[in-house]
Every structure is written in C-alpha cells, then in structure tokens.
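See below for the structure under consideration.
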Amino acid sequence: MAAWLGWVIESNWTDPFLFAVYSIVKPVSGAAILVIMYGIISQGNFDSAMFPYIYLGNAFYIYVGAVMTGVSWAVVDDREHYKTLKYMYIAPIHIPLYLLGRGVARFITGSIAVFITLAAGILFLNVNINFAEVNWLLFFATLVIGVVMLAMLGLLLAGLTLMTVRHEGFIGEATAGALYIFSGAIFPLNVLPEWLRPIGYFMPTTYWLELLRRSLVGNVAAAFPTLANFSDLQILGVLTGLSLLFGTVSVYVFRWCDSIAREKGLIDRTTNY
Amino acid sequence: MSSPLAIETKDLGRIYKLRGSKKETRKELVALEGVNLTVERGELFGLLGPNGAGKTTLIKILTTLLSPTSGWARVAGADVNAEPESVRPRINMVSGGESSGYGLLTVRENLWMFSQFYGVPSKEANERIEALLEMVGMKDRIHTKSSDLSTGLRQKMNIVRGFLTEPEVLFLDEPTLGLDVGAMRDVRRFILEWLKADRERTLLLTTHYMMEADELCDRVAIINKGKVLACDKPSVLKQRLQKDALFEIEVSPLNGLTQQMMLDQPEVTKAAISETETGAKLSIGLVEESALARVINLFTQKDVKVMNLSKREPTLEDVFVDLVGRSMAEEESNESA
Ligand SMILES: Nc1ncnc2c1ncn2[C@@H]1O[C@H](COP(=O)(O)OP(=O)(O)O)[C@@H](O)[C@H]1O
Ligand SMILES: [Mg+2]
C-alpha cells in the first residue's frame, strides 16, 4: 500500500519524461562527470584497476541517494508539501513501515539508474566484468542486505527529520554526502587521514560497496589493500552485523524521535509556520 | 461499546515552550488549562472560541498528535497518550483551511488510499467514496487530479476523507474555514446527514462561527485563552441571558437622545446606539418586557419616531460577551496586538 503510494508519488510527476530525467538521467550523468574527471586526473589511464573501483563504487552509491534519502525525504514530503503527515500519523498504520514502503519505489527507480550506469560502463568505458567469474550469489545477497540496511539508515534519518523543524531536507543530503566520502565509494579508505578512517570502518556502506565490487570483479577489488585481510565471508559477516546494529538503533531512535515530536507538537509543523 | 463516553478529559493542560529569538529566557505559553469535558456517544459537540483559544491544540491532543503536559484524555475508551494504537483505528480528523492531499492522485485514488490504511474492503471503499462525493456534490470530480481542484473542492475532498473510514469519533477542526457560503451550507448539511445515519457516531467540531455552533451542535463548550468557560446546550447557554429581554429599535431622527438617557430608566440594563443614514439603531436590554412602554414613552417626549421594532433572541455571541466581557472579534484583535 505504502509502496504503491510511493510509486505513484515518485513516478507520476505530471510528466513521465521529467520523471525519467530526474530519477535516471541525473545519476547516470553524475557518473559521466566522474569519468571525465578521472580521465583528466589520471591522464586517460582507464586500464588501471582504480577506474572500475571508482566506477562501480559510484554506480552502486546511487542506491544510497535513492533508498536512504528517499525514506527520510518522505517525512518532509508528507509534512511540508502534501500536508498529509498528520493524517498518516493518526491512521492505524505503522509509520516506520509506511516510510519504508515509500523507499521501495525509490529502490525501483534507483535500480534502473544503477543498471543503466553499469551497462554504459561495460559497453562504452571498458569496465571489464567477466560474467563467467561473477559471484552471483554473493552479489545478490550483498545487494539485498545493503538495500535493507540503507532503508533502515533512512528510517533513522527520518526520525531525526521528524524532530527538526528547519533544514530537514538537508539531513538526508548531508548524510548521503558524508557517506560518499567515508565509505570508500570513489577512493579507498586509506587515502583518508588516519584519524578519519575509523568512521569509514564503522559504516556498513564501506563493507557493502567492497563486497559488491568483489563479487563483480574479484581481482580488481583485491588490488586495494583497505580490506584485503578479510575474506568475503568475513566482510559479509561484518556487513550483516553492522546492518543489524544500525537497523536496531534506527528502530529505537525513530521511536524516541517520534515521542519527542509528539511532545513538542512537531508532527504537523511546517517550516514556514 | 466499551465505554458510554466518546471523549473524556480530566484537568487537561498543554504548555508550549517558546524559544525567544533574542532573549535566551524561555517563555512558556499556556495553550490549554484544566480542561474537563465529557462527550457522549452520538453527540455533535462544538468547541467555540476565538483564534488562539486552544481549539486546535485540544484536537491535536485528542487525536494523538500531541502529548498533553498535564491531565489525561480518553477517546473511544482509550487513553490518547498511553494507548494511541487503540485510539487511532476508531477516530479520524479533518483540518479546515488547508489543502492537503497528493496532488498527482485523483480524488478517488487519494480517498481510496486512506481507506486502505483503515482496512476498509476495497469494493466497499469505492462505494462509500461515490456515495460521499455525491453527498457533497462533487461526484463529477471523482477522476480529477486533486491538484486541479479549487481550494474549496480540495477541502471537501479532505472532509470526505474524514467520514470515509466511518470513525466512531470524528474530529473536525474548523471544517468550514475559508469556504464560500454555498460550500459552507453543503458541508453543514452533510455533517448533519451523516450523523443522522447512525446514532452511535460522535462528532467534535471546532469553530469560531457563532451561528455554526448554534445551528449544528447538541452541546457547545465556549473556550477562551485555553480555558473552558461554559459547556451546555446552546439553548441553555442562551437562557442564562434570557432574563433580559433584548430589543432592536430603529428610530428617526435621533433628536439628541443619548445612551445615558436610556440607561437612566430603571428597567434598562443595556443600551447601545449605532447611527445610520436616516437615524439610529438602538439595542436595548430590559429587565422585563413590560418595561418597553416606558422606553417608548421616552421616545415620544423627545419626539423620536420608532420606524421598526423587533425583539431579539440572544445569540451565542451574547453568551460569549457575557462570559468574557468582550466580543470574540475584540478578543482576537487584542490577541494579535
Ligand atoms: N506548536 C506551537 N508552538 C507554540 N505555540 C503554539 C503552537 N501551536 C499553537 N500555539 C499557540 O497556542 C495557542 C492556542 O493555539 P490553537 O490551539 O491553534 O488555537 P485555536 O485553534 O483555537 O485558534 C495560540 O496562542 C498559539 O499561538
Ligand atoms: Mg485552530
């Protein structure tokens, strides 16, 4: 139900063309810009293992912007734009489930963008994925765990968003931006100063992106030392553990934020109140 | 039916903490104080008060959107703060004067979606949607995207959303705010029809329109500055004032007649003069009706001619003035100053 609503809201923009532009062309062109930048900095060295590392990290990172930001953005959307959050809230539904449902739609559009980005990389940019060597089981298991994990992170942000009156949209975007830097999306963690690295090691997204790379292009990922000491299974274990930890924390944080919001009367509060 | 009472509040209070923009001192705003109300099942109960009286705050507490800072409230038999999950399936709420809804969904989709949250079977939901839209006179708009509706129609759609789930207790916060006269009449008629269809249905509405409270409600609570000042049937509230007989008299010319001259008559309790193009309109309260002769006598002495004379029934506005000492409009303009 909530997913259906999410789908309609996300997709029906008045104009299917605009929708396609926004949800697919934007991330794909983001990847294109990255490729050009890489080309300039590396002086056209697309054969280096660095290139697929960056390209894949960036491609899958689209899910972070879609799912995590999508779930938390639903709060802003319903409260500020549609003015329906309070009606959702008094309905006999489980609000966290509703918000996660809104994320499902973003997952679908995000998947299309990821797929196009990957296809473009393979067809035109020489991102070598040897399909015979891909560990599909690992890939899909990782993808599923990761998407659930991102949705739960989204819920955590949604809770914080619920509690804040101003700059709410900012929370989702800022977190997505920070994770981009700290999760080894476009550069290995050991590029960061030593004292910043623990942040990356604590983020489930770091292990998620690493595993996705390993499952698709095993040898390339192995060329980077950050997590080289860990086996696939160990990383999967860490990812699952951290996902469970963050998921549980999210549920409690959301509940807590929810009760604060009720105490302060923020559920139907709009920014320009 | 677990409890005969639809709504019950005990010493309910709400204080908002305000963060002063300049001074660090935190101000507190008492929005509700010591509210004790009971509403029985089947009642149409009105909360009447000027802007800022605390009506919306009370509704938000009763609909589980806001926690009280003191006291408690039960709705449909459950405590709103402790067991919101038990309250929510049994209630619904509509706020007037705002346009909510998913603009890209049609009227039917918007309404259908909400009905699903309440577990109304899909087929029944569609039947109800059609019937309710028919009742508010917008059935021809069922397939219109809600972003293409006028504000008035959006508000009607929103009202239908509240009734659609057949709540045991329905809260309407200023349902006719911002509607034109025709739509207002539609909505009021609709409310009454809906209640008539099932005697167990309870409706609490807030309004700052006196006539609305008077015409619609079984009982009315008059609320000002967060306190309930009186609560009874409109007729009983007005009877409190009925010991005075109220008269509206149009005279011409005024011929130097003053308010004081009229008040000097022993039986006159109230007198007001508002001048018109041709003369003046007098509004007079008398201890008893028979004292009217003496007032007319005064007019004759001053050579003031009576053009029109009518006895006026007291309104809830008079009740408010009697309780607060000022009219609701004065109370509001004072609030904003
Ligand atoms: N979220 C809030 N924070 C601070 N003050 C508020 C808030 N909501 C309402 N108020 C104040 O509480 C008082 C009562 O408001 P409200 O319940 O909206 O009155 P009404 O609905 O009768 O117009 C007003 O003085 C209003 O300014
Ligand atoms: Mg109000």
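Here is the naming used below: chain letters follow the sequence lines, and residue numbers restart at 1 for every chain.
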**Q.** Contact origin within B:Pro167 toward chain A - heavy atom pairs under 4.5 Å
**A.** neither
Q | side-chain contact (heavy atoms from CB on, under 4.5 Å) evaluation trace for A:Tyr89 with B:Thr63 | A | CA-CA 9 Å; A:Tyr89 205 89; B:Thr63 53; over 6 Å; no
Q) For the atom pair CG (A:Asp268) and CG (B:Leu66), what is the distance rounded to the nearest 0.5 Å? A) 8.5 Å
(Q) Checking B:Ser100 against A:Tyr82 for the side-chain contact (heavy atoms from CB on, under 4.5 Å) test, could you report, in this order, the C-alpha distance in whole Å, the side-chain angles of both residues, the deciding distance, and whether it holds? (A) CA-CA 5 Å; B:Ser100 71; A:Tyr82 303 117; over 6 Å; no
Q) Tell me the side chain to side chain donor-acceptor pair (under 3.5 Å) pairs involving residues 64-77 of chain B, sequence neighbours left out? A) B:Thr64-B:Arg88
Q | Contact class of A:Ile90 relative to chain B, heavy atoms under 4.5 angstrom | A | both
Q. Hey, is A:Lys86 close enough to B:Glu98 for a salt bridge, meaning N to O under 4.0 Å?
A. yes
Q | Contacting region of B:Thr57 [heavy-atom separation from chain A under 4.5 Å] | A | neither
Q | Max heavy-atom pair count under 4.5 Å with chain A, selected residue of B:Ile61, B:Asn158, B:Leu65 | A | B:Leu65
Q.
With rounding to the nearest 0.5 angstrom, report the CD to NE2 distance, B:Glu85 to A:His94.
A. 9.5 Å
Q) Can you say whether B:Asn81 sits under 4.5 Å from chain A via the side chain, the backbone, both, or neither, judging by heavy atoms? A) both
Q) Any donor and acceptor pair, going by atom type alone, linking the side chain of B:Arg161 with main-chain N or O of A:Tyr87 inside 3.5 Å? A) no
Q.
Nearest 0.5 angstrom please: B:Tyr118 OH to A:Ile93 CD1, how far?
A. 8.0 Å
**Q.** Min side-chain heavy-atom separation B:Tyr16-A:Lys264 under 4.5 Å
**A.** no
Q) Which residue pairs pass the ring-ring contact (aromatic ring centres under 6.0 Å, His included) test when at least one of the two sits in residues 149-179 of chain B, sequence neighbours left out? A) B:Phe163-B:Phe190, B:Phe163-B:Trp194
